[in-house]
*Asks:* 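Let me begin by handing over the structure; questions about it come next.
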Amino acid sequence: MKGYTSSALLLGPVLLSQLALAQQAPSGVVQWDIQKRTVPNAPNRLLRRAGSTYPVILQNAQARGGYFATCEMGTPGQKVTLQLDTGSSDVWVPESSASVCNQGAGCDLGSFDPSKSQTYTVVGEGEFDISYVDGSSSKGDYFTDVFKIGGATVTNLTMGLGAKTDIAYGLVGVGYAINEAIVGNSHSLSSQYPNLPVSMVDDGLINTIAYSLWLNDLDSSQGQILFGGIDTKKYKGDLTRIRIYPSSNGYYFSFIVALTELQAISPSGNDTLTSEEFPIPVVLDSGTTLSYLPQDLAEQIWVEVGAEYSSRLELAVIPCSKKTSKGYFSFGFAGPDGPLINVRMDELVLDLTSGSPPKYTSGPNKGQDVCEFGIQNSTAAPYLLGDTFLRSAYVVYDLVNNEIALAETDFNSTESNIVAFASMSATIPSATQAPNQAAVTNRPAATSPAFSASTGFSDGSSNGGEDENASSGMPSALGVAQMSVMGIAMVFAMIGSGVFVLL
Ligand SMILES: *[C@@H]1O[C@H](CO)[C@@H](O)[C@H](O)[C@H]1NC(C)=O
Ligand SMILES: *[C@@H]1O[C@H](CO)[C@@H](O)[C@H](O)[C@H]1NC(C)=O
Ligand SMILES: *[C@@H]1O[C@H](CO)[C@@H](O)[C@H](O)[C@H]1NC(C)=O
Ligand SMILES: *[C@@H]1O[C@H](CO)[C@@H](O)[C@H](O)[C@H]1NC(C)=O
Ligand SMILES: *[C@@H]1O[C@H](CO)[C@@H](O)[C@H](O)[C@H]1NC(C)=O
């Protein structure tokens with residue numbers, strides 16, 4: 001099937017706006033609406049590479065959330081809701097008989113029963129075996145079957161069947177085919193199969209291996225992935241193309257781009273933050289909820305906003321009132337005059353639980369609600385820009401020319417103007433290339449910034465500066481000592497269920 005398609009399984013109002021879109025959309029694109037959901041233990045689905053060129057990143061297991069879309073597989077179609085993941089490359093679904101689907105909450109987002117599909121064929125017995133960096137995994141057979149996204153049909157998609165898994169829902173990995181689990185496991189490039197974006201091209205649904213991602217506002221429950229095109233009404237300003245970096249062996253495995261500048265901007269001033277790690281290789285990873293930056297940079301960010309590391313939660317936390325802060329961070333990519341993406345504080349302060357939030361029990365923030373901060377620290381590259389960053393950007397992934405285009409998102413845009421990639425290997429439409437990518441290797445000196453923006457990161461209800469010492473209580477040094485005396489005393493009992501035990 002060729003042409004514009006959209007999911008029929010949407011809420012009423014969304015369906016209406018979609019119908020409006022359907023009339024103007026050109027052929028050669030497939031649009032898929034994705035919904036934000038909170039799920040237990042969905043922290044970091046970046047594929048863990050066996051025998052890897054990348055060190056394994058260890059992340060805390062406390063992050064939550066993700067973007068999900070409903071699709072159908074098999075004949076007759078079985079409905080499953082899968083998490084969209086740019087950090088891995090296999091589509092897989094839990095098998096209905098898997099133990100994870102038959103205990104506790106079960107697989108309430110859907111599972112697949114192969115015995116009920118007339119078109120199911122096993123193509124790799126026991127060959128599907130994927131592990132993510134958070135330690136979760138899924139194993140079973142590779143099979144081929146019909147796969148429907150929106151109204152588009154891929155007739156013969158290779159997928160993994162999670163017979164043995166500890167994840168109660170499947171994923172749609174849309175990364176490079178070379179990053180498929182089987183390639184890592186077999187250490188053989190020739191074991192690669194056409195994954196979803198490639199199969200969509202093979203089936204004539206889209207013209208080139210590319211898609212655009214619009215996650216939208218934290219407060220909005222839904223975003224969009226558009227295969228084969230861009231939507232010029234979903235971003236502000238211009239799209240700028242930047243290069244994706246290959247791994248040391250020259251292959252493109254993941255969406256690594258160069259973060260070359262970070263500024264903290266608030267009513268009280270602007271600071272250029274520094275790091276020993278600039279230029280920082282960051283993976284744009286929609287399967288990861290939070291963002292993870294080098295220790296020195298993360299600590300400067302925490303000082304600016306008044307976030308603190310809780311050793312008990314193993315997480316940087318921040319008073320929830322900072323959601324209304326007028327400050328923001330400006331992320332610069334690909335060298336001087338490259339694209340800048342501004343990320344506001346209301347996108348960076350996340351509720352820890354859907355129930356009533358825990359409170360600070362001592363320290364300068366005593367009595368205030370505790371929230372999770374969207375930028376965490378990590379000790380090893382590649383660093384990750386997950387959903388807390390991606391929501392503020394419109395991101396186009398071009399897997400043929402190995403480029404990404406970025407622009408500032410247009411939150412809650414209801415308009416649409418879809419432009420398809422003209423042909424296989426066409427460059428990203430309406431985008432210009434960042435002008436100084438050769439200068440990416442320049443490394444600015446890592447000096448301590450003045451933190452002149454920090455007082456302006458107080459919550460929006462105060463007039464920026466007056467409660468400087470009270471709200472952040474930050475010492476001049478990068479407050480590690482401060483963090484341990486902060487005194488959040490709680491046990492992270494059941495994430496997502498709202499149960500916290502305050503000690
Ligand atoms: C489906 O895909 C598999 C694996 O790529 C291939 O072996 C098989 O021939 C295909 N079947 C059809 C009907 O195209
Ligand atoms: C977008 O919509 C959500 C939900 O209606 C709303 O809470 C949020 O404030 C809106 N964001 C912007 C930037 O207007
Ligand atoms: C801070 O940056 C903003 C945005 O670039 C700019 O408008 C403003 O003039 C700057 N303020 C100072 C004090 O440099
Ligand atoms: C993050 O920073 C805290 C405080 O400095 C440290 O204890 C923790 O080990 C760091 N986490 C990682 C993953 O580097
Ligand atoms: C914050 O504390 C510093 C050092 O103790 C002090 O010099 C400054 O006046 C205080 N600022 C405010 C706004 O209270």
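Every number for a ligand or one of its atoms is a count from 1 in the order of the listing. Just so you know, residue 1 is the first one in the sequence shown, and it goes up from there. Everything numeric in this text was worked out from a predicted model, so none of it was measured.
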*Asks:* What do you reckon, does N156 have a nitrogen or oxygen under 3.5 Å from a nitrogen or oxygen of ligand 1?
*Replies:*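 Yes: some nitrogen or oxygen of N156 is under 3.5 Å from one in ligand 1.
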*Asks:* For atom 5 (O) of ligand 1, which protein heavy atom lies nearest, and how many Å away is it?
*Replies:* T158 OG1, 4.2 Å
*Asks:* Backbone or side chain, does any N or O of R344 fall under 3.5 Å from an N or O of ligand 2?
*Replies:*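 There is no such contact.
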*Asks:* Indicate yes or no: at least one non-hydrogen side-chain atom of T158 is less than 4.5 angstrom from one of N195.
*Replies:* no
*Asks:* Can you check salt bridge (charged side-chain N to carboxylate O under 4.0 Å, His left out) on K234 and D410, steps first, answer last?
*Replies:* CA-CA 5 Å; K234 293 285 187 283; D410 191 351; over 6 Å; no
*Asks:* Are D346 and K323 ion-paired here, with the side-chain N under 4.0 Å from a carboxylate O?
*Replies:*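 Looking at D346 and K323, the cut-off is not met.
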*Asks:* Pick, from D346, L218, D217, the option with the minimum heavy-atom distance to atom 13 (C) of ligand 2.
*Replies:* D217
*Asks:* Contact between ligand 4 and Q376 is defined here as a heavy atom of the residue under 4.0 Å from a ligand atom; is it met?
*Replies:*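 It does not, in that no heavy atom of Q376 comes within the 4.0 Å cut-off of ligand 4.
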*Asks:* Report the part of Q295 (side chain from C-beta onward, or backbone N, CA, C, O) that has a heavy atom under 4.0 Å from ligand 4; answer both or neither where that applies.
*Replies:*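 It is the side chain that gets close, since no backbone atom is under 4.0 Å.
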*Asks:* Among protein heavy atoms, which sits nearest to atom 3 (C) of ligand 2, and what does the distance come to when rounded to 0.1 Å?
*Replies:* N412 ND2, 3.7 Å
*Asks:* Side chain or backbone, does N377 bring an N or O within less than 3.5 Å of an N or O on ligand 4?
*Replies:* yes
*Asks:* Please confirm whether the ring centroid of Y142 lies under 6.0 Å from the ring centroid of Y193.
*Replies:*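 Yes, close enough.
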*Asks:* Using a distance-only test with no angle check, is there a side-chain donor-acceptor pair under 3.5 angstrom linking T70 and T81?
*Replies:* yes
*Asks:* Is there a protein heavy atom less than 4.0 Å away from atom 7 (O) of ligand 1?
*Replies:* no
*Asks:* Heavy atoms, side chains only, cut-off 4.5 Å: are Y394 and D231 in contact?
*Replies:* yes
*Asks:* So, does S138 use its side chain to make a donor-acceptor pair with the main chain of I130 at under 3.5 Å?
*Replies:* no
*Asks:* Heavy-atom distance from atom 11 (N) of ligand 2 to the protein below 4.0 Å?
*Replies:*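 At least one protein heavy atom is under 4.0 Å away.
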*Asks:* I need the single residue from F389, F329, Y328 that forms a side-chain contact (heavy atoms from CB on, under 4.5 Å) with L348. Which is it?
*Replies:*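 Passing option: F329.
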*Asks:* Going by the atom numbers of ligand 4, which of them fall below 4.0 Å from some non-hydrogen atom of E299?
*Replies:* 5 (O)
*Asks:* Specify the protein heavy atom at minimum distance from atom 4 (C) of ligand 2: its residue, its atom name, and the distance to 0.1 Å.
*Replies:*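 For atom 4 (C) of ligand 2, the nearest protein heavy atom comes out as D219 O, 3.6 Å.
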